[in-house]
Every structure is written in structure tokens, then in C-alpha cells.
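Next up is a structure, given as C-alpha cells.
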Amino acid sequence: MYSEIQRERADVGGLMAPPEYREWNPELIKPKKLLNPVKASRSHQELHRELLMNHRRGLGVDSKPELQRVLEHRRRNQLIKKKKEELEAKRLQCPFEQELLRRQQRLNQLEKPPEKEEDRAPEFIKVRENLRRIATLTSEERAL
């Protein structure tokens with residue numbers, strides 16, 4: 001079957017322009033096209049026949065191994081499941097849950113001791129204020 005197709009292709013000369021050497025010297029020997037040894041081999045013909053049969057049946061030659069297909073399917077399902085869970089987590093935050101979160105944040109802020117202005121001030125100002133307190137304490141002691 002394949003060899004017949006190959007012979008038909010060799011006979012098809014109307015598709016290609018004839019070479020120039022045929023016109024100018026009829027005494028020259030006309031070269032014959034060489035057959036491809038790979039395509040002429042029996043194993044290649046059988047392989048080609050098998051590929052044609054599989055193609056007609058709809059079987060994919062380049063299909064992946066079963067293990068690889070299963071692993072890809074699992075990965076895809078895991079990603080889809082993860083995305084669904086994230087979307088559900090966002091949707092499940094109803095107004096009640098949002099209000100609970102706000103109250104929890106407010107309680108955390110109230111529990112945290114507020115920073116005093118004294119804590120933010122540089123150290124020399126703190127020392128100066130301490131000295132003033134000591135000075136006022138000593139002057140009160142003298143008054144008593």
C-alpha cells in the first residue's frame with residue numbers, strides 16, 4: 001500500500017516544473033529520483049500502516065503515560081479545591097463575623113497600654129523632668 005503511494009508520487013511530474021537539461025540536450029541520460037531507503041524499508045511501511053490505523057480509530061500516538069495523566073489530574077483537582085476553599089472563606093465572612101473581628105481589634109487596642117508622651121521623648125528631657133520633681137520635693141520638705 002505504502003509502496004504504491006510512493007510510486008504514484010514518483011510518477012507525478014506535472015506538479016513540478018521540468019528541469020532545464022531535458023530541453024537543451026536530448027542525448028543526456030535522464031536521472032531517476034532515488035528512493036528514500038528509510039521509507040522503502042519494510043519496518044517503516046509497517047509503522048506507517050499502524051499509525052494510519054490508529055489515526056482512523058482515533059487513538060492518540062503521543063498520549064501521555066497513565067501515571068502522568070493521573071498525577072496531572074490530581075494536581076488540577078487540588079488547585080481547583082484550594083481556590084474554592086479560598087472563595088468560600090471570603091464569602092463566609094458575613095456581617096456578624098465582620099463585626100466580631102472589629103470588636104476583637106478594638107479590645108486588643110484597649111488592652112495594649114497606650115504609649116505616653118514621656119516614653120517617646122528623648123532621654124535628656126526625661127532626666128530634666130526628674131530633676132524638677134526632685135527639686136520641687138526638696139523645696140516642699142524645706143517648707144515643712
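Nothing here was measured: the structure is a model prediction, and the numbers come from that model.
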Atom NE2 of H44 and atom CZ of R49: how far apart are they, to the nearest 0.5 Å?
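Going from NE2 on H44 over to CZ on R49, the span is 11.0 Å.
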
So, are E88 and K84 salt-bridged, with charged N and O less than 4.0 Å apart?
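Salt bridge flag = no for K84 with E88.
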
Got a sec, which hydrophobics cluster with L100, joining ILVMFWY side chains under 4.5 Å apart, including via others?
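Listed partners: F96.
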
How many angstroms lie between atom CZ of R74 and atom NZ of K81, to the nearest 0.5 angstrom?
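It comes to 12.5 Å.
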
Electrostatic pair R102:E99 at N-O distance under 4.0 angstrom
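Here R102 pairs with E99 in a salt bridge, since their nearest N and O are under 4.0 Å apart.
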
Return yes when atom CD of E66 has more than 12 non-hydrogen atoms of other residues, nucleotides or ligands closer than 6.0 Å, and no otherwise.
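At most 12 heavy atoms, drawn from other residues, nucleotides or ligands, come within 6.0 Å of this atom.
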
Can you confirm whether R128 is buried at CZ, in the sense that more than 12 heavy atoms of other residues, nucleotides or ligands lie under 6.0 Å from that atom?
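No, because the 6.0 Å sphere around CZ of R128 holds 12 heavy atoms or fewer from other groups.
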
Could you give the distance from CZ (R103) to CG (L107), rounded to the nearest 0.5 Å?
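So the CZ of R103 and the CG of L107 are separated by 9.0 Å.
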
Looking only at the side chains, is there a donor atom on one of N130 and R133 sitting less than 3.5 Å from an acceptor on the other?
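A donor-acceptor contact under 3.5 Å links the two side chains.
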
Is L71 isolated, or which residues cluster with it under the ILVMFWY side-chain rule of less than 4.5 Å, directly or via members?
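The other cluster members (ILVMFWY side chains, heavy atoms under 4.5 Å, direct or chained) are L67.
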
CG-OG distance between L35 and S41, expressed to the nearest 0.5 angstrom
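Output value for this atom pair is 11.5 Å.
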
Output the distance between atom CD (E111) and atom CD (Q109), rounded to the nearest 0.5 Å.
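E111 CD to Q109 CD: 11.0 Å, rounded to 0.5 Å.
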
First locate atom CG of L34, then atom NZ of K32, and finally report the distance between them rounded to the nearest 0.5 Å.
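With rounding to 0.5 Å, CG (L34) is 11.0 Å from NZ (K32).
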
Does a side-chain heavy-atom distance below 4.5 Å link M53 with R56?
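Heavy-atom side-chain distance check passes, below 4.5 Å.
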
